[in-house]
Amino acid sequence: MKPFDKFIHYITDHTDELAATIVERVCEKLPVEVPQVEQQQALLMYKELWQSLGESLRSEHLEIPEALMTWSRSNAAMQTKNGGKISVIVDRYPPTRIVFGDVLVEMSEKLELSLKEFALVNKQVNTMLDISLNETYYAFERLSELYRTSTQKELARLSAPIVPVQDGIVIIPFIGEITDDRAFAIMNNVLPKVAQMDVECTIADFSGLVTVDDQVVRSLQQIEDALSLMGIDVITTGLRPELAQKIVNSGMSFAGTKYYATVKQALESLL
């Protein structure tokens with residue numbers, strides 16, 4: 001049997017042993033301890049990687065194991081969920097390449113592979129690792145965007161909850177800090193819900209705002225203008241002195257034609 005055929009048979013017959021070697025050596029090179037659960041996942045993935053490598057070399061067609069792609073996406077999901085950085089995963093690839101290179105050299109010498117054959121095997125392994133790294137990056141970006149969008153929607157809901165009072169009347173208390181992103185989320189997620197509720201009058205209460213600056217004033221004006229354009233009467237309440245001063249200094253005028261100090265006063269005027 002030719003050395004190259006022996007190599008293929010060896011890696012497909014010793015997937016468990018080779019996977020364990022890769023995981024053990026990579027963990028030794030990393031500056032932090034890898035959790036046992038992650039090590040077990042890596043073992044299963046590397047086992048399939050060695051199997052796929054053998055099939056690729058036998059058929060001369062690169063086979064990317066699905067376990068490798070799943071593992072890559074899982075790593076990205078873990079970092080996104082924990083609020084971690086992608087660099088934590090990316091930093092593991094250089095030592096992984098070194099370990100694979102060492103293992104391939106050892107097997108090449110043992111099975112007497114030619115330099116050309118070794119180069120082919122090494123190229124296949126590095127291509128798999130490159131694809132895995134790219135998938136990790138792409139998955140992290142996709143999941144981060146989904147998480148950011150979901151978070152913005154939740155922040156918009158919490159920053160401007162809709163409180164029905166009676167038919168046709170709702171209160172929207174603006175709470176916390178209104179940033180440009182949060183104002184955009186309110187415009188795209190909260191206001192459409194108001195439109196679906198057949199609202200005639202909205203009480204926009206600003207007493208719960210934490211910070212007040214020109215950006216907040218512009219954002220609040222845009223939200224109130226949008227409500228007015230939807231044919232909804234807007235009553236403004238809770239204008240603290242600093243917010244009122246900001247509005248005066250900015251030269252802006254809110255859509256609300258009626259102003260009250262408190263929500264209670266506004267409700268009394270309506271009911």
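Since we're looking at a predicted model, the values are computed, not measured.
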Practice prompt. Assess whether side chain to side chain contact (heavy atoms under 4.5 Å, CB included) is satisfied between Asn126 and Phe100, documenting all intermediate values.
Written response: CA-CA 9 Å; Asn126 278 294; Phe100 262 104; over 6 Å; no
Worksheet item: Between Leu68 and Glu48, does a side chain to side chain contact (heavy atoms under 4.5 Å, CB included) hold up when you go through it step by step?
Response: CA-CA 8 Å; Leu68 176 62; Glu48 189 166 326; over 6 Å; no
Worksheet entry | Test log, rule side chain to side chain contact (heavy atoms under 4.5 Å, CB included), inputs Val165 and Ile203 | CA-CA 10 Å; Val165 179; Ile203 299 175; 5.5 Å; no
Discussion item. Run Met128 and Ile64 through side chain to side chain contact (heavy atoms under 4.5 Å, CB included) and show every step you take.
Written reply: CA-CA 7 Å; Met128 287 183 175; Ile64 304 300; 4.0 Å; yes
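Under the salt bridge (charged side-chain N to carboxylate O under 4.0 Å, His left out) criterion, the residue pairs touching residues 97-111 are Arg25-Glu106, Arg97-Asp130, with sequence neighbours excluded. Residues in residues 262-271 take part in these side-chain hydrogen bond (donor to acceptor under 3.5 Å, both in side chains) pairs, two or more places apart or across chains: Tyr260-Ser269. For residues 4-22, every residue pair satisfying the salt bridge (charged side-chain N to carboxylate O under 4.0 Å, His left out) rule, not counting sequence neighbours, is listed here: Asp16-Lys47.
Met230 and Val170 fall within the same hydrophobic cluster, defined by Ile, Leu, Val, Met, Phe, Trp and Tyr side-chain heavy atoms under 4.5 Å apart, directly or through other members. Both Val105 and Leu111 sit in one connected hydrophobic cluster of ILVMFWY residues. Membership requires side-chain heavy atoms under 4.5 Å apart, directly or through other members. A continuous path of Ile, Leu, Val, Met, Phe, Trp and Tyr side chains, each step under 4.5 Å between heavy atoms, connects Ile235 with Leu267, placing both in one hydrophobic cluster. Ile162 and Leu191 fall within a single hydrophobic cluster, where Ile, Leu, Val, Met, Phe, Trp and Tyr are joined by side-chain heavy atoms under 4.5 Å apart, directly or via other members. Met197 and Phe174 fall within the same hydrophobic cluster, defined by Ile, Leu, Val, Met, Phe, Trp and Tyr side-chain heavy atoms under 4.5 Å apart, directly or through other members.
Side-chain contact of Tyr93 with Ser132: a donor-acceptor pair under 3.5 Å is present, judged by distance alone.
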Listing, residues 28-35 side-chain donor-acceptor contacts under 3.5 Å, not counting sequence neighbours, or none:
none

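Note on Arg92 versus Glu38: salt bridge recorded, some NZ/NE/NH1/NH2 to OD/OE distance being below 4.0 Å. Glu66 has a carboxylate O that lies under 4.0 Å from a charged side-chain N of Arg73, or vice versa, which qualifies the two as a salt bridge.
In this structure, Glu135 CD and Asn75 CG are separated by 11.0 Å, a value rounded to the nearest 0.5 Å. Rounded to the nearest 0.5 Å, atoms OG (Ser52) and OH (Tyr46) are 13.5 Å apart. Put simply, CD on Gln36 and CG on Leu43 are 8.5 Å apart, with the number rounded to the nearest 0.5 Å. Once rounded to the nearest 0.5 Å, the distance linking OG1 of Thr202 with CD1 of Ile169 reads 9.5 Å. One distance of note links CG of Leu53 with CG of Leu104; it measures 7.5 Å at 0.5 Å rounding. Ile171 contributes atom CD1, which lies 10.0 Å from atom SG of Cys201 (distance to the nearest 0.5 angstrom).
Side-chain contact between Arg58 and Thr12: present, with at least one pair of heavy atoms (C-beta onward) separated by less than 4.5 Å. A heavy-atom distance below 4.5 Å is not found between the side chains of Gln40 and Val23. Two residues are said to be in side-chain contact when any heavy atoms from C-beta on lie closer than 4.5 Å; Ile22 and Trp50 meet this criterion. For the pair Asp233/Lys258, no side-chain contact is recorded, criterion being any heavy-atom separation below 4.5 Å from C-beta on. Residues Val90 and Thr136 form no side-chain contact, since every pair of their non-hydrogen atoms from C-beta on lies 4.5 Å or further apart. Proximity of Val121 to Met107: side-chain heavy atoms (C-beta onward) are nowhere separated by under 4.5 Å.
For Phe7 and Phe118, the distance between ring centers is not under 6.0 angstrom.
Scanning all heavy atoms of the two residues, the minimum distance from Thr237 to Ala266 falls at CG2-CB, 3.7 Å. The two atoms that bring Val199 and Val194 nearest to each other are CG2-O, 3.5 Å, heavy atoms only.
The side-chain hydrogen bond (donor to acceptor under 3.5 Å, both in side chains) check on Ser207 picks up Asp205, with sequence neighbours excluded. Residues satisfying the ring-ring contact (aromatic ring centres under 6.0 Å, His included) test with His14, not counting sequence neighbours, are Tyr10.
The backbone N or O of Glu224 lies less than 3.5 Å from no partner atom in the side chain of Ser228, so there is not a single donor-acceptor pair.
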